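Here is the structure we will look at.
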Amino acid sequence: MAPRRRQRLLVLAIACVASAACSQPDAGGLDVCGLLASSDASAVLAGRASAGHPEHLGSQPFEVDRCRWSVGDRALALLASRAPDGDAAAARSAFEDVRAAARKGGTEVVDVPGLGDAAWWESDRLANQLHVLAGATSLTFTTRGPTSASPPRELLAAARGAIDRVVAARSPRTARE
């Protein structure tokens, strides 16, 4: 092989390897920080919330991402877990397993009707969590604060907005887009 051709092939091979190493797999096409409007995060935290800070937590067996917002010493975290291939049955099973584990651990689980496909609330001295299932996506909103028998209305409103964005993200694009 001619030296010039060998050099081109080497450059091409290095470019391919570099491209593969630098590319990141599709994390399900869901921008977790984009699921909450900044006004929703600010309403939940009762102040002007910071920009969301995203973090990819894993890909097996579910795509799991988290976003955090804060105001002073108050924080809101949103954990999104997406079932592979949009498998809503797998997402529901995992969602119910988390709920059963919470109950088994002594946590009081309170149903939240009319929110997503299923929703429940837990509140103790460590954290308040709203768990919502929307198709193949499970959302967990976590805040700290005094225990509460039910989620605050600001958190419910934020969750409804996030559910709408999850549904929009999984809907096929229309011809106008």
Side-chain angles (χ1 to χ4, degrees), residues 16-45 49-70 74-105 107 109 111-112 114-123 126-144 151 154-174 177:
C16 288
V17 169
S19 174
C22 293
S23 69
Q24 294 183 1
D26 179 14
L30 188 61
D31 170 16
V32 176
C33 290
L35 293 179
L36 280 185
S38 61
S39 58
D40 289 334
S42 294
V44 170
L45 295 171
S50 65
H53 300 284
E55 182 180 8
H56 181 69
L57 301 177
S59 299
Q60 295 296 325
F62 294 84
E63 286 291 336
V64 181
D65 293 280
R66 176 175 51 205
C67 190
R68 297 181 204 199
W69 298 264
S70 63
R74 295 181 311 279
L76 166 65
L78 172 57
L79 184 77
S81 175
R82 292 171 305 287
D85 302 322
D87 186 347
R92 180 171 288 278
S93 178
F95 184 81
E96 292 301 331
D97 288 347
V98 169
R99 180 183 168 111
R103 277 193 168 148
K104 185 177 180 181
T107 300
V109 171
D111 287 327
V112 180
L115 189 61
D117 297 326
W120 55 280
W121 170 253
E122 65 175 290
S123 179
L126 298 176
N128 299 310
Q129 291 189 323
L130 175 61
H131 303 265
V132 181
L133 180 64
T137 304
S138 174
L139 304 173
T140 302
F141 300 83
T142 303
T143 62
R144 294 192 189 264
E154 296 85 2
L155 186 57
L156 290 171
R160 285 186 182 94
I163 292 165
D164 289 347
R165 289 176 185 92
V166 166
V167 170
R170 72 177 182 221
S171 297
R173 302 214 183 268
T174 64
E177 290 181 315

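Here the structure is a predicted model, which means the values were calculated and not measured.
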For Leu139 and Ala162 the tightest heavy-atom approach is CD1-CB, 4.1 Å
Kindly say whether Ala80 contributes a backbone atom to a donor-acceptor pair with the side chain of Asp65 at under 3.5 angstrom?
no
To the nearest 0.5 Å, atom CZ of Arg103 lies from atom CD of Glu96 at 9.0 Å
Value for CG (Leu79) from CD (Glu55), rounded to nearest 0.5 Å, stands at 9.5 Å
4.5 Å side-chain heavy-atom contact, Asp111 and Arg99: yes
Are the side chains of Pro151 and Asn128 in contact, using a 4.5 Å heavy-atom criterion? no
Sub-4.5 Å side-chain heavy-atom contact between Leu115 and Arg160
yes
To the nearest 0.5 Å, atom CG of Leu130 lies from atom CG of Leu156 at 6.0 Å
Report yes if the side chains of Arg66 and His53 come closer than 4.5 Å at any heavy-atom pair, otherwise no. no
Checking Asp85 side chain against Asp87 main chain: does a donor-acceptor pair fall under 3.5 Å?
no
_Measuring only between side-chain heavy atoms, which start at C-beta, is Leu78 closer than 4.5 Å to Thr140?_
no
_Min side-chain heavy-atom separation Phe95-His131 under 4.5 Å_ = yes
Shortest non-hydrogen pair, Phe62 vs Ala90, comes out as CZ-O, 3.8 Å
| Side chains of Thr143 and Phe141: does their closest heavy-atom pair fall under 4.5 Å? | no
Closest non-hydrogen contact found for Thr142 with Ala127 is CG2-CB, 4.0 Å
Side-chain heavy-atom pair Val32, Pro54 within 4.5 angstrom cut-off
no
Tightest non-hydrogen contact, residues Trp69 and Cys33, listed as CZ2-O, 3.5 Å
- Query: Just by modelled atom types, is the Ser38 backbone N or O under 3.5 Å from a matching donor or acceptor in the Ser42 side chain?
  - Reply: yes
Sidechain-backbone polar pair: Ser50 side chain, Ser70 backbone, donor-acceptor under 3.5 Å: yes
TODO: Ignoring hydrogens and angles, tell me if any N or O in the side chain of Arg165 forms a donor-acceptor pair with the backbone of Gly161 under 3.5 Å.
DONE: yes
On a heavy-atom basis, the closest approach of Gly135 and Ala91 is O-CB, 3.8 Å
Test side chain to side chain contact (heavy atoms under 4.5 Å, CB included) on Leu36 and Leu76 and set out the steps.
-> CA-CA 11 Å; Leu36 280 185; Leu76 166 65; 3.6 Å; yes
Check: Hey, mind stepping through Asp97 and Arg92 against side chain to side chain contact (heavy atoms under 4.5 Å, CB included) and telling me if it holds?
Finding: CA-CA 8 Å; Asp97 288 347; Arg92 180 171 288 278; over 6 Å; no
**OP:** Check for a donor-acceptor pair, side chain of Arg144 on one end and backbone N or O of Leu126 on the other, with a separation under 3.5 Å.
**Re:** yes
d(Ser59 OG, Arg82 CZ) to nearest 0.5 Å is 9.0 Å
request  = For the pair Arg74 (side chain) and Leu45 (backbone), establish whether a donor and an acceptor sit closer than 3.5 Å, ignoring hydrogens and angles.
outcome  = yes
Taking every heavy atom of Ala158 against every heavy atom of Val44, the minimum-distance pair comes out as CB-CG2, 3.9 Å
